[in-house]
Amino acid sequence: MNATSPETAGQDPAAPGRIVLLTTSHRVAPGLLSWPAWQALRAADTVLCADGAHPQLPYLREAAIAVAEASPTAQELVDACAGGRTVVVVATGEGEPDLTDGLARLAGSGRVRMPELELLPASYDLPGARLLDLVQVMDRIRVECPWSSRQTHRGLAKYGIEEAYELVEAIETGDREELLEELGDVLLQVVFHSRIAEEDPDAPFSVDDVAGGIVAKLIHRHPHVFGEEKAETPEDVKEHWLRTKAEEKRRTSVTEGVPLGQPGLALTAKLASRARTAGLRVPLPQGDGVGYRLLALAADAEAEGVDPEAALRAAARAYRDAIREAEGAAPGEIRAARGGHRDAEAHPAPDTVGE
C-alpha cells in the first residue's frame, strides 16, 4: 500500500474495487506525469508494472510510490481489487492488449462482478509528436543501412525533385491517399538531408536547426500575427512578407534567389513576377526560335494570374489521353490514368547508388 492510500480496514469488503490502466508516452520525458496520474498513483492500494525496466519506474520510486513487477491475468487483477481496493497498472509500450482483452471477456461473460475500469493517460503526445519518431528512425537508418549510410546531399538531390513533382501531381489529380503519401516522401527528404548535414565537418546542422530557422522566419514574416502590425487582406499579408523578406535578404537585384535550374516556364513566370512586383517595366528580349515564343507565352500567363507550368501540365494530360484513345485504350482505363501516377522510389534500391 502506498503511503497516502486509504486504509483497507475502512473499505467495503463487498465492493468490486477499481482498476486504473495508466498509459504514458515514450516521447515525453519520464517523470512528467499529469496531476490526476500522480493522484491515482498515491491513492492506489497496489501499483503494478510488467516491465521492470519501464522508464517511469525510477521516478515513481523516487516519489515513494511502491511498484511491484508483475503480469497478472485479468482474473487475478479482478481478485486483487476485491474489498474495494484500487490497483493501478502502469502500462508497457504495447498498452497491455492481453490484459485488456481478458478484462473485456470477463465483463462480457456476465459471471463476474467487475471493478470500475479507468484508462488514465498520464502523459500524451502533442501534435507533431510523430515527427520525433521519424527523426529517430532516420537516425538509425543512417547508421545501420548500407545504402542510406553512403548517401550525400548531391546524390539525393534528384529524388527531392522527383518527390516534389509527385506531390504536385497528387495535388492536381485530387488523390487524397496519394497526397498523404507524397507529403510523407517530401518530409523524408527534409529529414534525410538534415541527418546527413549533422556529419559535415565544417558546417554541421541538425533537423532542429532547420525547424528553428523556419519557425523564426515565419514569425518574423507574420508581424500581423505575432507582432503589432495589422493585415486585413491577403494583399496586406503579401506586403508584410515582401517587406520583411527584403529586410532579411538585403538583395541588390530582384533576380537574386531565383533558382535558374527550375523548369523554364516556372523560371520565366518567377522572373516576370519579381519584375512586376518591383514595378519594373522590362521589355521581353526578342529573338527567333521557340524559346523566345515560350518566354512570351509564360510571361503573358503570369500577368494573367495563370501558372504556366500547371497549365501546360493540364494540356499535356489531355494530350496523353488523346494518345491512349488513339492506341485503343478503353475509356475506363483512360479515366484511371488521369487519377494515378507511378511513384518514384523515396528510398531506392541499393543498385541505384552512383546513378
Side-chain angles (χ1 to χ4, degrees), residues 25-29 93 125-173 175-218 221 245 248-249 255-267 269-270 307 309-310 313 316 339-355:
S25 171
H26 68 276
R27 303 179 189 91
V28 177
D125 294 336
L126 296 174
R130 295 307 300 271
L131 293 175
L132 299 176
D133 292 344
L134 176 58
V135 172
Q136 291 178 346
V137 168
M138 187 67 252
D139 188 61
R140 182 172 178 180
I141 289 173
R142 178 65 174 173
V143 173
E144 300 181 17
C145 174
W147 186 87
S148 297
S149 61
R150 302 177 187 177
Q151 295 312 298
T152 64
H153 293 303
R154 187 177 296 274
L156 291 176
K158 62 181 179 182
Y159 301 119
I161 295 172
E162 290 177 10
E163 297 304 345
Y165 278 132
E166 291 192 351
L167 173 60
V168 170
E169 186 165 354
I171 292 171
E172 292 182 347
T173 58
D175 189 322
R176 299 291 294 177
E177 291 184 5
E178 287 294 326
L179 177 58
L180 173 63
E181 181 176 348
E182 299 306 339
L183 284 170
D185 289 342
V186 170
L187 181 59
L188 169 60
Q189 297 300 311
V190 175
V191 175
F192 204 161
H193 281 282
S194 299
R195 179 59 182 82
I196 293 172
E198 291 182 31
E199 302 166 8
D200 190 281
D202 300 318
F205 60 82
S206 70
V207 70
D208 287 324
D209 298 314
V210 173
I214 191 61
V215 167
K217 179 186 290 186
L218 288 173
R221 294 190 185 178
K245 185 175 181 179
E248 294 168 3
K249 301 297 183 180
T255 65
E256 291 181 21
V258 177
L260 298 179
Q262 63 183 302
L265 294 177
L267 172 59
K270 189 65 174 179
D307 180 348
E309 282 287 342
R313 279 194 301 271
H341 69 283
R342 181 184 180 277
D343 291 339
E345 295 179 52
H347 196 118
D351 62 3
T352 63
V353 176
E355 284 186 356

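Just so you know, these numbers use all the heavy atoms, side chains as well, and skip hydrogens, waters and symmetry mates. Because the structure is predicted, anything quoted here is derived from the model rather than measured.
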- Item | Under 3.5 Å donor-acceptor, Glu181 side chain and Glu177 backbone | no

- Item | Distance (rounded to the nearest 0.5 Å) between Leu187 CG and Phe192 CZ | 13.5 Å

- Could you state the interatomic distance from CD (Glu172) to CZ (Arg313), rounded to the nearest 0.5 Å? 4.0 Å

- Side-chain touch Val135/Asp208, heavy atoms, less than 4.5 angstrom: no

- Query: Quick one: NZ on Lys270 to CG on Leu265, what's the gap to the nearest 0.5 Å?
  - Reply: 15.0 Å

- Can you find a pair of side-chain heavy atoms, one from Leu134 and one from Val207, that are under 4.5 Å apart? no

- Verify, without hydrogens or angle tests, whether Asp209 (side chain) and Ser206 (backbone) share a donor-acceptor contact under 3.5 angstrom. yes

- Given side chains that start at C-beta, do those of Asp133 and Gln136 come closer than 4.5 Å, heavy atoms only? yes

- Message: Looking at every non-hydrogen atom in both residues, tell me the closest pair between Ile141 and Ser148 and how far apart they are.
- Response: CG2-OG, 3.2 Å

- Task: For residues Leu267 and Val258, determine if any side-chain heavy atom of one lies less than 4.5 Å from a side-chain heavy atom of the other.
- Result: yes

- To the nearest 0.5 Å, tell me how far Leu188 CG sits from Arg195 CZ. 13.5 Å

- Query: Any side-chain heavy atom of Arg176 sitting closer than 4.5 Å to one from Leu179?
  - Reply: yes

- Item | Arg142/Glu198 salt bridge by N-O under 4.0 Å criterion | no

- Task: State the OG1-CG distance between Thr152 and Asp200, to the nearest 0.5 angstrom.
- Result: 11.5 Å

- Message: Quick check against the 3.5 Å criterion: does Arg150 have a side-chain atom that pairs as donor or acceptor with the backbone of Pro146?
- Response: yes

- Task: Find out whether Arg27 and Leu131 are in side-chain contact, i.e. whether some heavy atom of one side chain is under 4.5 Å from a heavy atom of the other.
- Result: no

- Roughly how far, to the nearest 0.5 Å, is the CE atom of Met138 from the NE2 atom of His193? 10.5 Å

